[in-house]
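First the structure, in the form of structure tokens, and then the observations on it.
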Amino acid sequence: MSPADVVLLMSSVPERIGDLVYGLDEPRLRYRHGPAFQTLGGLIAHLLESGSKVDALLRHAHLDGVASADVRATIDPGHDDELTRPLQEALEDFARIRRRTVDLLHGWGPNEWARKLRDPRAGDITLLEVCRMVARHEISHIAQIRNLTVLLPEPRVLAPTPPPLAE
């Protein structure tokens with residue numbers, strides 16, 4: 001995956017999430033398909049949190065010269081959270097942060113993409129490899145969001161059933 005491909009994928013994530021979850025209400029975001037499944041809201045919260053942390057890592061690596069980081073922990077910080085604020089607000093904040101990061105990435109040349117971070121688990125890893133990991137992680141979660149939204153039960157109208165029509 002080239003740097004241009006990575007930037008394109010990363011830039012599309014906020015819009016893809018928004019398209020998949022447009023119009024979902026709170027009960028559907030909190031619906032749990034089974035005990036081993038995360039809620040849709042929890043999965044979205046994870047993706048938005050990890051995306052924002054990764055974006056901060058990339059900005060600090062570039063602007064502040066950060067040379068070491070636990071990349072895996074930044075990309076995949078855990079799945080324990082639920083959305084703590086309205087979905088639309090969270091998506092808008094993530095989209096704003098991601099736009100800033102993508103603007104930064106567009107300005108990188110070959111030397112910046114090849115710059116290495118020292119990761120305690122993976123050793124030396126280039127910023128391009130970090131972005132490739134991020135893109136794979138985010139695309140896999142977008143597929144999960146798509147799958148969970150398809151499996152959501154239809155909303156039910158809790159109204160009395162009308163009496164049968166007389167013939």
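The structure displayed is predicted, hence computed values, not measured ones. When a residue number appears, it is its place in the shown sequence, counting from 1.
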Minimum heavy-atom separation for [X] to [Y], with atom names?
| X | Y | answer |
| --- | --- | --- |
| Ala90 | Leu48 | CB-CD1, 3.6 Å |
| Val6 | Leu128 | CG2-CD1, 4.1 Å |
| Leu29 | Thr39 | O-CB, 3.5 Å |

Check whether any side-chain heavy atom of [X] lies under 4.5 Å from a side-chain heavy atom of [Y], and answer yes or no.
| X | Y | value |
| --- | --- | --- |
| Phe94 | Ser52 | yes |
| Arg28 | Leu40 | no |
| His137 | Asp76 | yes |
| Trp113 | Leu105 | yes |

(message) Donor-acceptor check, side chain of Asp64 to backbone of Val66, threshold 3.5 angstrom: yes or no?
(response)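 No: the side chain of Asp64 does not pair with the backbone of Val66.
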
(message) Taking Thr126's backbone N and O only, do any of them form a donor-acceptor pair with Glu129's side chain (distance below 3.5 Å, no angle check)?
(response) yes

Name all residues meeting the salt bridge (Lys or Arg N to Asp or Glu O under 4.0 Å) criterion together with [X]; count only those two or more places apart in sequence or in a different chain, and write none if there are none.
| X | answer |
| --- | --- |
| Lys53 | Glu49 |
| Arg30 | Glu26 |
| Arg118 | Asp124 |

(message) Salt bridge or not between Asp55 and Arg100? Use side-chain N to carboxylate O under 4.0 Å.
(response) no

(request) Indicate whether any N or O donor in one side chain lies under 3.5 Å from an N or O acceptor in the other, for Glu138 and His141. (result) no

(request) Using the ring pair (Phe, Tyr, Trp, His ring centres under 6.0 Å) rule, collect all pairs that involve residues 116-136, keeping only residues at least two apart or in two chains. (result) none

(request) Could you give me the CA-CA distance, side-chain angles and deciding distance for Ile125 and Arg72, then say whether side-chain contact (heavy atoms from CB on, under 4.5 Å) is met? (result) CA-CA 11 Å; Ile125 181 170; Arg72 174 54 57 196; over 6 Å; no

(request) Apply side chain to side chain donor-acceptor pair (under 3.5 Å) to His106 and list each qualifying residue two or more places apart in sequence or on a separate chain. (result)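 By the side chain to side chain donor-acceptor pair (under 3.5 Å) rule, His106 matches no residue at all.
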
Can you give the donor-acceptor pairs under 3.5 Å from side chains of residues 12-21 to other protein atoms, not counting sequence neighbours?
residue	atom	partner	partner atom	Å
Ser12	OG	Leu9	O	2.8
Ser12	OG	Arg16	NE	3.2

